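Contents: one structure, followed by commentary.
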Amino acid sequence: MSTEEDSRLKAERIRKLKSLQEEGVNPYPYFFSRTHKAAQLQKIYEHLESGVETQDVVSVCGRVMNERNTWMFVDLFDDSGKIQLFCHKDNLSPEDLKRLRLCDKGDFIGATGAIRRTKQGELSVKVTSYEILTKSLQPLPDSWQGFTDVEARYRHRYVDMIINPAVRETFRKRSLIIKAIREFLDNKDFFEIETPVLQVEAGGADARPFTTHHNTLDMNLYLRIATELHLKRLIVGGFERVYEIGRVFRNEGISTRHNPEFTMLELYAAYGDYNELMNFTEEMLIAAASTVCDGTDILYGDKEINLARPWKRIRMVDAISSMTGIDFNSLNYEEAKKAANKLGVDTKELNSRGYVINEVFETLVEPTLWHPTFIIDYPVEVSPLTKAHRENPGEVERFELFVAGRELANGYSELNDPEDQRRRLEQQVQKKAAGDLEAMPMDQDFLLALEYGMPPAMGLGVGIDRLVMFLTNSQSIRDVIAFPTMRPIGESSN
RNA sequence: GCGCCCGUAGCUCAGUGGUAGAGCACUCGGCUUUUAACCGAUUGGUCGUGCGUUCGACUCGCACCGGGCGCACCA
C-alpha cells in the first residue's frame, strides 16, 4: 500500500478537496445531527414494501462504501450497518447534484430525506440535502475483491476494519467478552485494582521480561510479566477479592499464539482453594462465552468444542498414565527419565523428576486435550508460587485448563507459607544464576508481605487473547489484537 | 534463533532471460431506479532494496529489508 505524496489516486482526491474549498465548502465540518443509525432504520421499516415511499424524514451519516449509476445510489455504512442513499436529480439542487461528483468512496457523508424502499427492495433515504462530513484522501481497496494481504491488513488495521466487517465483529465480541468477565467478577464482590507495569524485578511467571529505563531515577526497570505478586499483596492488605485485566509483556517469540504484549486476567480470592476455583472458572468462562456464542458447542476451525459443564478434571500423572500406560507416580528421577526417553521425550536439560513429568505431559498429552480439561496436581518444581498438595508429597494444588490443545487458564491454591515461599524463590534464584533466563527473581518485599500473613486464597490467570480466539474462531492471536506487534518498514514508517 | 514459502498498478492476481500485463478501481464521455449497473475511451509501475552474472534481468545468483507458515521458546 502506497502512501506516496504523488500518488495519482490521492492527487485526484486532493483536486476534489480543493474544488470544494474553492466553492466555500468545508470538507471537514464539526458535527452532524443524526436521527437514526442504519440498523435502526432497517428494523423500523422492516415491513415497508418495495416501491413504497413514506413521509418520514430522517438524517443519517456514515462512510460511502459504494456508488452506482453516477452517484444516484450510494451505500452508506455506519457502525450498525448499511443504508442506501437515493440521490435523484429531481430532489437535489443543481449545486448539490454537481457536488456529488466531488465525492469519493471512503468519504463520510451526512444526508437528510424521506424513507422509501426501492422497487428492487433496498431501503433508502431519498436525499434532499447532504453534506460532506470528511473527505477521504486515500483510495480504499476494492470491496469486492477484498483486502487479503496479511501484512497490509495488520499494518493498516483501520483499512482492514473498513473493508472486512468480520474484523470489526471480532473486536466487538472481544469487548463483550471482557465486559462479561468484569460484570461476573463485579457481581461476585471483586474489586478491580491496577498494579505497576514498571517493576524493579519482573516476577510472578517464568518469562523473559522487556527492559526499559527511567531517566530521572537513572535506573533500569522491567515491564511486568504477570500481576500476581502485587495482587497477592492486596490480599495481604485486606482486600478479600481482587482482580486485574491488564497488559503483560513477555520478551519471547512471536507466533500465531504469542504476541509480545497480551492481556491477562488475574484474580485472587481469600478463603478459597483450587477445588472451588475450578467451579468458579467454569462458571465465569461460560458466562463470557454465552455473550458471544449460542449454546455450549462452539466451532473452532473445523471441529466443535463442547463447553458443557462439568469439565473433565484429571491428575497430571493419571492423564499421562492413561495415554502411555506408564505410572510416573511410582518412578524416581532416574526411572522417570528412562521412561520418558523411551516415549521419545528429550530429558537432557531436565534435572529433576518434576520437570520430566511435566515435559512428558506437555509433549504427549497437552496437544490431545481438545474439550475443556482441567489437569490438576502439578510437580512442585514447575510451580514456585503454589501451595503444597495437602496429601501428595512432591505435588502442588495447581490446575491448568486446556482447550483445543492449548493452555487457557492456570489456577492454584496460593502458597502463603512465607518460609516455604522463601525456599522456593531461592531455588529460582539458583536456576537464574545457572543461566535460566526465565527463572523468577527474589522479591524480598513480597516475602515480607507474606510474613505479615496472607489468608488462604485461590488465584487464577486467564489469557484473554486466547479466550477470544476460541470464542471468535480466530486461528491467529493477531486476529484478536487490534494492533499486533510488527517490525517497522523503512525509517519514516511504523 | 532455524527451515520452507512469498513480495509485480490503489486492490486481487498473471507473466519466469528479449518492449511491463489483466480484471476491478481512478479520470473523461454516454446512459439512468441500480444490486459487483452497463457501454466506450483513457490513465496508472524504481516488478521490496542493493550488488553481481549476462549483449540484455521482473525472470538467474548473493546479500539485505518486510511478511506468512512450521519448529524452538512460551501463555
Side-chain angles (χ1 to χ4, degrees), chain A residues 1-4 6-13 15-16 50-51 53 65-75 82 84-91 101 104-106 116-124 126 136-156 159-160 162-164 204-208 225-226 248-266 346 349 362 366 400-403 406-410 436-438 461-467 469 475-478 484 486-491 493-494:
Chain A
M1 175 176 305
S2 167
T3 50
E4 295 297 313
D6 55 355
S7 148
R8 187 178 55 89
L9 296 171
K10 181 178 170 185
E12 186 60 43
R13 286 163 181 252
R15 177 184 69 76
K16 292 174 180 170
S50 298
E53 191 164 320
M65 291 304 291
N66 202 4
E67 151 272 326
R68 289 175 292 278
N69 279 30
T70 322
W71 292 90
M72 190 183 295
F73 301 96
V74 176
D75 290 341
K82 179 180 113 174
Q84 179 172 271
L85 304 183
F86 174 62
C87 303
H88 198 272
K89 56 187 171 191
D90 294 348
N91 308 315
R101 302 302 300 273
D104 283 293
K105 289 172 197 174
R116 64 186 297 253
R117 196 179 284 281
T118 64
K119 281 179 196 158
Q120 299 298 321
E122 190 70 42
L123 190 70
S124 308
K126 189 180 85 176
S136 166
L137 300 183
Q138 290 286 347
L140 286 172
D142 187 276
S143 58
W144 173 248
Q145 311 244 28
F147 185 47
T148 58
D149 181 273
V150 177
E151 179 176 356
R153 286 182 49 216
Y154 291 142
R155 284 196 192 282
H156 305 285
V159 180
D160 194 20
I162 293 167
I163 298 298
N164 299 315
D206 296 331
R208 299 174 66 173
I225 57 173
V248 296
F249 308 84
R250 298 189 182 176
N251 206 339
E252 287 156 357
I254 294 178
S255 76
T256 50
R257 290 176 292 283
H258 302 87
N259 197 64
E261 52 180 307
F262 62 102
T263 301
M264 185 128 86
L265 159 69
E266 287 197 41
D346 180 14
E349 308 280 317
E362 287 186 357
E366 184 175 321
E400 288 192 325
L401 173 64
F402 294 91
V403 179
R406 298 171 199 168
E407 183 188 339
L408 179 60
N410 179 20
D436 185 342
L437 297 168
E438 279 136 28
V462 179
I464 295 295
D465 312 272
R466 287 191 177 173
L467 176 63
M469 284 174 70
Q475 299 306 308
S476 171
I477 198 168
R478 297 183 144 196
M486 302 285 283
R487 270 201 167 96
I489 328 173
E491 35 196 317
S493 169
N494 56 26

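What you are looking at is a predicted structure, and each value in this text was computed from that prediction instead of being measured.
- Counting non-hydrogen atoms under 4.0 angstrom, A/Gln120 reaches a base of the nucleic acid.
- Between the CD atom of A/Glu349 and the P atom of B/A72 there is a distance of 14 Å, given to the nearest Å.
- Across all strands shown, A/Met486 has heavy atoms under 4.0 Å from sugar-phosphate atoms exclusively, and none from any base.
- Not counting sequence neighbours, A/Arg487 has no partner by the salt bridge (Lys or Arg N to Asp or Glu O under 4.0 Å) test.
- If you take CZ of A/Arg487 and P of B/U49, they are 19 Å apart, rounded to a whole angstrom.
- At a threshold of 4.0 angstrom between heavy atoms, the contacts of A/Asp206 are confined to the sugar-phosphate backbone, with no base atom among them.
- Under the salt bridge (Lys or Arg N to Asp or Glu O under 4.0 Å) criterion, A/Asp206 pairs with no residue at all, not counting sequence neighbours.
- For the P atoms, the distance linking B/A9 with B/U59 amounts to 15 Å, nearest Å.
- Annotation: of the two residues near RNA chain B, A/Gly121 and A/Glu400, the 5′-most nearest-nucleotide partner is A/Gly121.
- Across all strands, A/Gly461 comes closer than 4.0 Å to no nucleic acid atom at all (heavy-atom distances).
- Under a 3.5 Å cut-off, the side chain of A/Asp149 and the backbone N or O of A/Ala152 do form a donor-acceptor pair.
- One interatomic measurement links the two molecules: CD1 of A/Ile162 to C1' of B/C11, which rounds to 14 Å at whole-angstrom precision.
- The side chain of A/Thr118 approaches B/U34 more closely than any other nucleotide in the set B/C11, B/U27, B/U34.
- Checked against salt bridge (Lys or Arg N to Asp or Glu O under 4.0 Å), A/Asp104 has the following partners two or more places apart in sequence or in another chain: A/Lys16, A/Lys135.
- Under the side-chain hydrogen bond (donor to acceptor under 3.5 Å, both in side chains) criterion, A/Asp75 pairs with A/Arg68, not counting sequence neighbours.
- Using C1' as the reference atom, B/U46 and B/C71 are 37 Å apart when rounded to the nearest Å.
- B/G15 and B/C28 have their C1' atoms separated by 30 Å, with the value rounded to a whole Å.
- Using a 4.0 Å heavy-atom cutoff across all strands shown, A/Glu407 reaches sugar-phosphate atoms only and no base atom.
- In this structure, A/Arg257 reaches the bases: a heavy-atom distance under 4.0 Å links it to at least one base atom across the strands shown.
- A search for side-chain hydrogen bond (donor to acceptor under 3.5 Å, both in side chains) contacts involving A/Arg153 returns A/Asp160, not counting sequence neighbours.
- A 4.5 Å side-chain heavy-atom check between A/Asn91 and A/Phe86 finds at least one atom pair inside the cut-off.
- Nucleic acid contact class of A/Lys105 (heavy atoms, under 4.0 Å, all strands): sugar-phosphate only.
- Partners of A/Thr118 under the side-chain hydrogen bond (donor to acceptor under 3.5 Å, both in side chains) rule, at least two apart in sequence or in another chain, do not exist in this structure.
- Taking atom C1' on both nucleotides, B/A36 is separated from B/C51 by 45 Å, rounded to a whole Å.
- One interatomic measurement links the two molecules: CD of A/Gln475 to P of B/C69, which rounds to 11 Å at whole-angstrom precision.
- Distances from the side chain of A/Glu67 to the nucleotides B/C26, B/A75, B/U27 place B/C26 closest.
- A/Lys119 approaches A/Ser50 most closely through the heavy-atom pair O-CB, 3.7 Å.
- Across all strands, A/Asn66 comes closer than 4.0 Å only to sugar-phosphate atoms, never to a base (heavy-atom distances).
- With hydrogens and angles ignored, no donor-acceptor pair closer than 3.5 Å exists between the side chain of A/Glu122 and the base of B/U33.
- Applying the salt bridge (Lys or Arg N to Asp or Glu O under 4.0 Å) test to every pair with at least one member in residues 253-264 of chain A, sequence neighbours left out, gives these pairs: A/Arg247-A/Glu261.
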Exercise. Given the rule that a pair is Watson-Crick or G-U wobble with both distances under 3.5 Å, how would you write RNA chain B in dot-bracket, using | for pairs to a different strand?
Worked result: (((((((..((((....[..))))..((((.......))))......(((((..]....))))))))))))....

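- Across every non-hydrogen atom of A/Glu266 and A/Gly461, the tightest pair is CG-CA, 4.2 Å.
- Taking atom P on both nucleotides, B/G50 is separated from B/U16 by 24 Å, rounded to a whole Å.
- Nucleotides B/G17 and B/C5, compared at atom C1', are 23 Å apart to the nearest Å.
- Counting non-hydrogen atoms under 4.0 angstrom, A/Arg153 reaches nothing in the nucleic acid.
- Using atom P as the reference point in both B/C58 and B/C69, the two lie 31 Å apart (nearest Å).
- Among the heavy atoms of the strands lying under 4.0 Å from A/Glu438 are primed sugar atoms or P, OP1, OP2 only; no base atom is included.
- With the nearest nucleotide of RNA chain B identified for both A/Asp142 and A/Gly146, A/Gly146 has the one nearer the 5' end.
- Residue A/Thr70 has no polar side-chain atom (N or O) positioned under 4.0 Å from OP1 or OP2 of B/A37.
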For this session: Quick one, give me the B/S/- string for nucleotides 4-9 of chain B, reading 5' to 3', where B means a protein heavy atom under 4.0 Å from the base and S means that only happens at the primed atoms, P, OP1 or OP2.
Result: ------

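- Across all strands, A/Asn259 comes closer than 4.0 Å to base atoms (heavy-atom distances).
- Listed candidates were B/A25, B/U27, B/G68. Nearest to the side chain of A/Leu9 is B/A25.
- Distances were taken from every side-chain heavy atom of A/Thr256 (C-beta onward) to each of B/G70, B/A37, B/A75; the shortest belongs to B/G70.
- Residue contacts for A/Gly463: at a heavy-atom cut-off of 4.0 Å it reaches no nucleic acid atom on any strand shown.
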Exercise. Could you run down nucleotides 39-46 of chain B 5' to 3' and tag each one B, S or - for protein heavy-atom contact under 4.0 Å?
Worked result: ----BS--

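- In this structure, CD of A/Glu151 is placed 15 Å from C1' of B/C11, rounded to the nearest angstrom.
- Distance, A/Asn69 CG to B/G30 C1': 13 Å, rounded to whole Å.
- Residue A/Arg68 contributes atom CZ, which lies 14 Å from atom P of B/U33 at whole-angstrom precision.
- Here the closest non-hydrogen pair linking A/Arg13 and A/Pro139 is NH2-CA, 3.7 Å.
- Using modelled atom types, one side-chain atom of A/Ser124 and one backbone atom of A/Glu122 make a donor-acceptor pair closer than 3.5 Å.
- Per the geometry, CZ belonging to A/Phe86 stands 14 Å off P belonging to B/U32, to the nearest Å.
- With sequence neighbours left out, the salt bridge (Lys or Arg N to Asp or Glu O under 4.0 Å) criterion links A/Glu53 to A/Arg116, A/Lys126.
- Taking atom P in both B/C13 and B/C6, the straight-line distance is 14 Å, to the nearest Å.
- In this structure, A/Asp149 reaches the sugar-phosphate backbone alone: every heavy-atom distance under 4.0 Å involves primed, P, OP1 or OP2 atoms, never a base.
- Legend: residues meeting side-chain hydrogen bond (donor to acceptor under 3.5 Å, both in side chains) with A/Ser255, ordered by chain and number and at least two apart, are A/His258.
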